[in-house]
Amino acid sequence: MSQKKTYYITTPIYYPSGKWHLGTCYTTVICDALARFKRMSGYDVFYLTGTDEHGLKIQEKAAACGMDTKKYLDIQVNNLKKIWEIYDISYNKFIRTTDEEHKSAVKRIFQKLYDKGDIYKGEYEGWYCVPCESFWTKSQLIDGKCPDCGREVERTKEVAYFFKLSKYQDRIVKLFQDNPEFLEPKSRVNEMVNNFLTPGLQDLCVTRNSFKWGIEVPFDPEHIIYVWIDALTNYLTALGYESNDDSLFKKYWPADVHMTAKEIVRFHSIIWPALLMSLELPLPKKVFGHGWIMFGEDKMSKSKGNVIDPTILAERYGIDSIRYYLLRDIPFGSDGNYTNSMLLNRVNNDLANTYGNLISRTVAMIHQYCNGQIPVKSTEMPEDAELIAMASSMLDNVTARIDKLEIPDAIAEIFKVIQRANKYIDETTPWSLNKLGEKERLNTVMYNLSEVIRIVTVGLLPFITKGTVKVLDTFNVPENGRTFESIKKFGFSKAGVNVEKLSPVFPRYDIVKEVAELEKLAEGSEPKVEKKVEFINKPEVTLDDFDKLQLRVAKVLSCEKVEKTDKLLHLTVDCGGVQRSIVSGIAKYYKPEDVIGKSVTIIANLAPVKLRGILSEGMILCAADENGKLAIVSPDKDIDSGSEVK
RNA sequence: CGCGGGGUAGAGCAGUGGUAGCUCGUCGGGCUCAUAACCCGGAGGUCGUGUGGUUCAAGUCCCGCCCCCGCAACCA
């Protein structure tokens, strides 16, 4: 018995701290299409997805909802699994980093790395911004200040464990050099080399003790294993690595593709290989960093964000449409735009008009001219040759594209055949053959059409999962006629098989109307989205503490953008007859002319600092919400500048 | 400021130094089996910019400038 070739494909494990969105679906749908395609091509496929459930954010998020952390996670994960069910995702395993198996394996992996001498205890030196409660590295600081609030940071030390990433520098560099296929698309390689490899890899801090929700270091439970070792290793532990039964690991490792989005390419293409090298395991064959889905140029994109809710779209247009759009319309590897009308246009043109209509007209003619049965093929004419040739070579072309991960092009290969079939109908004009009584020729044409439809439909199965099955059912295609094997050669279909009647499989939408309704839907649902403001409560303060702050009203005299910065405005304010210079990071929200003449509230006794070389003597109070809106806090009536706020 | 990506027909994108292409839209024609669908044809681009450099030849290589986007150590 010869062993089937294996194919191990993974999505990243998703972080269940927020709402699930279309981007998550994108990654997962791509992997699903690949997994299905490989299965049909005869591979023994293992498709892994899951969730990364540890860390401070999760702990806080659950607390903010007033829930037990694990319970919160269970709900989130459940929601995600429901989405995958709707999206027809054919994963073989869903791993959670809170799974006991994973946790114990991670501990053993950590121990292994430690025993090898690749993990050592050291001191984590960082710059700590007390008000923001955040650690920053030196390179993150802006002019030596906290990049978030622009205030002074203090140098802090913390004991932690480090992984000797630097030790693997040379081997990683060599990996990129010798193996250009390892990381794709190519542009990402430059990014990695220039940003991280050339400057030199730093050892990586792999534990934290600022939170508890995670896996403890086996020999030092004060410390929690940080995301790198905890999350990345899921690709191993899901297969039972370091467990009682590692047969799956032996069978499927190394992974064929780790699909990731571009922002986590670094972890997968540098840190992950280094960890594997340390564990002396083979490296994955490929890491692919795909692009992002942007929200087009839709002006109201922010407020319409929830239209992109993956379940709303799926409910409204069916999963075939969404999957098809994601796979076909997003240029793989670079960023793609999403707009409602792009989605609907694509679905109307390809699914309804080109493909759906081909089926409709063919089925209708079989019923009108052939008693609803696939007819006998006899008189072949030269004009059949091209169609048959295209249908016969289709699978090879599609496979070649898929092997290069060119998914939109793979689908385009199938549509070339579909378009050719539509043209074939025009060339052969079955209706006039019918009038002329050329029965044999008519039958041949209708046979060829039925067979082409079978071939393209089987080819589409990995991408479009529902409607395609309906089409094959309509033509009563037997199981063994739904395989890739059966479409390598033209002529599998048998004459005499009944063809069912059918209503349109892929409906056509009124784009103008739908877009308008989606927008209305977005607006309508806007207020409904409960905005539970979550905040980390700061410790209680006394009046004395408050008294330390000197808050005053000031009037903006002049304001200009600080050159070569994105965020900074330089304001000159009058505060009780004294002029002050203040630099504020509000340029993204306010234009200079918007604030001139405005009364604002400032902290007047904040220690002066220089930002971008400009003196800032104070801070303007602003309110910021979770959606990235920002508003200056101003007195609600006219009041003298310099008035104290208390 | 650093690094990366990009600026090609109304929109979205391809394009190995040698007649500038594809999809959608648009305009005109054809057909009537079909989901106002399908088929054919046309129009539309001095390829961000410099009247820059290399070359017999540049969208394609080099240099300068402008603009957009992303990354910068837990956002797919």
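Every chain is numbered from 1 and lettered A, B, ... according to where its sequence line falls, protein lines coming before strand lines.
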Take atom [atom1] of [X] and atom [atom2] of [N], then tell me their distance rounded to the nearest Å.
X      : N      : atom1 : atom2 : value
A/L344 : B/rG25 : CG    : P     : 13 Å
A/F415 : B/rC24 : CZ    : P     : 11 Å
A/Q419 : B/rC38 : CD    : C1'   : 11 Å
A/N349 : B/rC39 : CG    : C1'   : 15 Å
A/I13  : B/rC75 : CD1   : C1'   : 15 Å
A/L183 : B/rG4  : CG    : P     : 15 Å
A/F267 : B/rA76 : CZ    : C1'   : 12 Å
A/R328 : B/rU23 : CZ    : P     : 10 Å

Mind checking the [atom1] distance from [N] to [M]? Whole angstroms is fine.
N      : M      : atom1 : value
B/rG45 : B/rA9  : C1'   : 5 Å
B/rC24 : B/rA34 : P     : 23 Å
B/rA20 : B/rA14 : C1'   : 11 Å
B/rA43 : B/rG25 : C1'   : 13 Å
B/rG59 : B/rG7  : P     : 15 Å
B/rU23 : B/rC39 : P     : 11 Å
B/rU49 : B/rA11 : P     : 15 Å
B/rG44 : B/rG6  : C1'   : 24 Å

For this session: Compare side-chain N and O positions of A/K423 against OP1 and OP2 of B/rC40 and report whether any pair is under 4.0 Å apart.
Result: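 Yes, such a contact exists.
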
Exercise. Using Watson-Crick and G-U wobble pairs with both distances under 3.5 Å, what is the 5'-to-3' dot-bracket string of RNA chain B, with [ ] for crossing pairs and | for pairs outside the strand?
Worked result: .(((((((.[[[[.)..(..]]]].(((((.......))))).....[[[.[[..)....]]]]])))))).....

Exercise. Are A/H258 and A/Y235 near enough that their ring centres are under 6.0 Å apart?
Worked result: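 So the answer is yes for these two rings.
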
Problem set entry | Centroid-centroid under 6.0 Å between A/F267 and A/W228 rings |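 Centroid separation for A/F267 and A/W228: below 6.0 Å.
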
For this session: Could you check A/Y355, A/F415, A/Y87, A/F506 and say which one makes a ring-ring contact (aromatic ring centres under 6.0 Å, His included) with A/Y324?
Result: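 That would be A/F415; it is the only one of A/Y355, A/F415, A/Y87, A/F506 passing the ring-ring contact (aromatic ring centres under 6.0 Å, His included) with A/Y324.
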
Exercise. Hey, which of these two, A/Y424 or A/W228, hits RNA chain B nearer its 5' end, going by closest nucleotide?
Worked result: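 Nearest-nucleotide comparison on RNA chain B picks A/Y424.
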
For this session: Would you mind telling me which residue lines up with the more 5' stretch of RNA chain B, A/R346 or A/T354, judged by nearest nucleotide?
Result: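 The residue whose closest nucleotide sits nearer the 5' end is A/R346.
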
Problem set entry | Pair A/T28, A/Y14: side-chain N/O donor-acceptor within cut-off below 3.5 Å |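 Yes - a donor-acceptor pair under 3.5 Å links their side chains.
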
Taking side chain to side chain contact (heavy atoms under 4.5 Å, CB included) as the criterion, tell me which of [options] meets it with [X].
X      : options                : result
A/L358 : A/V363, A/I453, A/N353 : A/I453
A/I13  : A/D230, A/T97, A/L232  : A/T97
A/W431 : A/I425, A/L442, A/L436 : A/I425

Exercise. Does some side-chain heavy atom of A/I319 sit less than 4.5 Å from a side-chain heavy atom of A/K466?
Worked result: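 A side-chain contact exists here, since the closest heavy-atom pair is under 4.5 Å.
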
Exercise. If you look at every heavy atom in A/Y15 and A/D52, which pair is closest and at what distance?
Worked result: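 Minimum heavy-atom separation between A/Y15 and A/D52: CD1-O, 3.1 Å.
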
Problem set entry | Salt bridge A/R361-A/D426, side-chain N to carboxylate O under 4.0 Å |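 Answer for the salt bridge query: yes.
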
Exercise. In the 5'-to-3' direction, what one-character label does each nucleotide of nucleotides 30-35 of chain B receive under the scheme B = base within less than 4.0 Å of a protein heavy atom, S = sugar-phosphate only, - = no such atom?
Worked result: BSSBBB

